[in-house]
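Have a look at the structure below before the remarks.
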Amino acid sequence: MRIRIDPAGEGAIFERLTDALRAAIVDGRTGYGERLPPARSLADQLGVNVNTVLRAYRLLRDEGFIDLHPGRGATVAKRLGHHTALAGAIHDLVDEARLNGVDRAALLALVREAWR
C-alpha cells in the first residue's frame with residue numbers, strides 16, 4: 001500500500017493522512033481485511049511523527065473504517081471498495097474544476113449543495 005499526502009496541502013497532516021487512507025478504502029485500493037502498514041513504518045515513509053499516523057488510525061477506527069489490534073496492527077473493517085466508477089467521476093470533476101479555475105473551497109461548496 002502506497003500512501004501519499006501533499007506536504008503543502010491544507011489542514012493538519014493527520015487529517016490529510018486520514019483522508020488519503022479513507023479514500024483508499026472507499027475506492028477499493030485497500031480491501032476488507034487488508035492490513036495497513038505499521039504506524040512506525042508509515043510514519044517513516046511519510047516523514048511524519050508516529051503519533052500523527054496513530055491519530056489518523058484512531059480516527060478511522062472511530063469512524064468504523066479500520067480495526068486496531070494492539071501488537072497486531074490495523075486492518076480494514078469495512079467492505080466498501082469497488083467504487084472505481086465513483087472515484088473516476090470524482091477525479092474527472094476535480095480536473096474539470098481546475099481547468100475552469102474553480103478553487104477547492106468553491107468546488108466543495110458545490111458538492112455540499114448538491115448533496116442536500
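Predicted, not measured: the structure shown is a model, and the values here were computed from it.
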Compile the donor-acceptor pairs under 3.5 Å between side chains in residues 107-116 and protein atoms, sequence neighbours left out, one pair per line.
none

Main-chain N/O of [Y] paired to [X] side chain as donor or acceptor, under 3.5 Å:
X	Y	answer
Asn100	Val102	no
Arg16	Gly11	yes
Thr18	Phe14	yes
Gln45	Ile3	yes

Flag the pair [X] / [Y] as yes when at least one side-chain heavy-atom distance between them is below 4.5 Å, and no otherwise.
X	Y	value
Ile25	Ile66	yes
Leu68	Arg58	yes
Tyr57	Leu21	yes
Leu36	Thr75	no
Leu42	Leu17	yes

field: Minimum heavy-atom distance between Gly64 and Ala77, given as atom pair plus value
entry: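 That would be O-CB, 3.8 Å.
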
query: For Arg29 and Ala23, which heavy atoms make the closest approach, and how far apart are they?
result: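 Taking Arg29 first and Ala23 second, the nearest heavy atoms are NH2-C, 3.5 Å.
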
task: Could you state whether Ile5 and Leu54 fall into the same hydrophobic cluster, counting links through intermediate Ile, Leu, Val, Met, Phe, Trp or Tyr residues with side-chain heavy atoms under 4.5 angstrom apart?
output: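 No.
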
task: Please check if Leu59 and Val53 belong to a single hydrophobic cluster, counting links between Ile, Leu, Val, Met, Phe, Trp and Tyr side chain heavy atoms closer than 4.5 Å.
output: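 Unlinked, Leu59 and Val53 end up in two clusters.
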
Partners passing side-chain hydrogen bond (donor to acceptor under 3.5 Å, both in side chains) against Asp19 (at least two apart in sequence or in another chain):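 Once residues adjacent in sequence are excluded, the partners of Asp19 under the side-chain hydrogen bond (donor to acceptor under 3.5 Å, both in side chains) criterion are Arg22.
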
message: Walk me through whether Arg61 and Asp67 qualify under side-chain contact (heavy atoms from CB on, under 4.5 Å).
response: CA-CA 6 Å; Arg61 177 204 56 205; Asp67 289 323; 5.8 Å; no

message: Once rounded to the nearest 0.5 Å, what's the spacing between atom CG of Leu99 and atom CG of Asp92?
response: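 Between Leu99 CG and Asp92 CG, I get 10.5 Å after rounding to 0.5 Å.
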
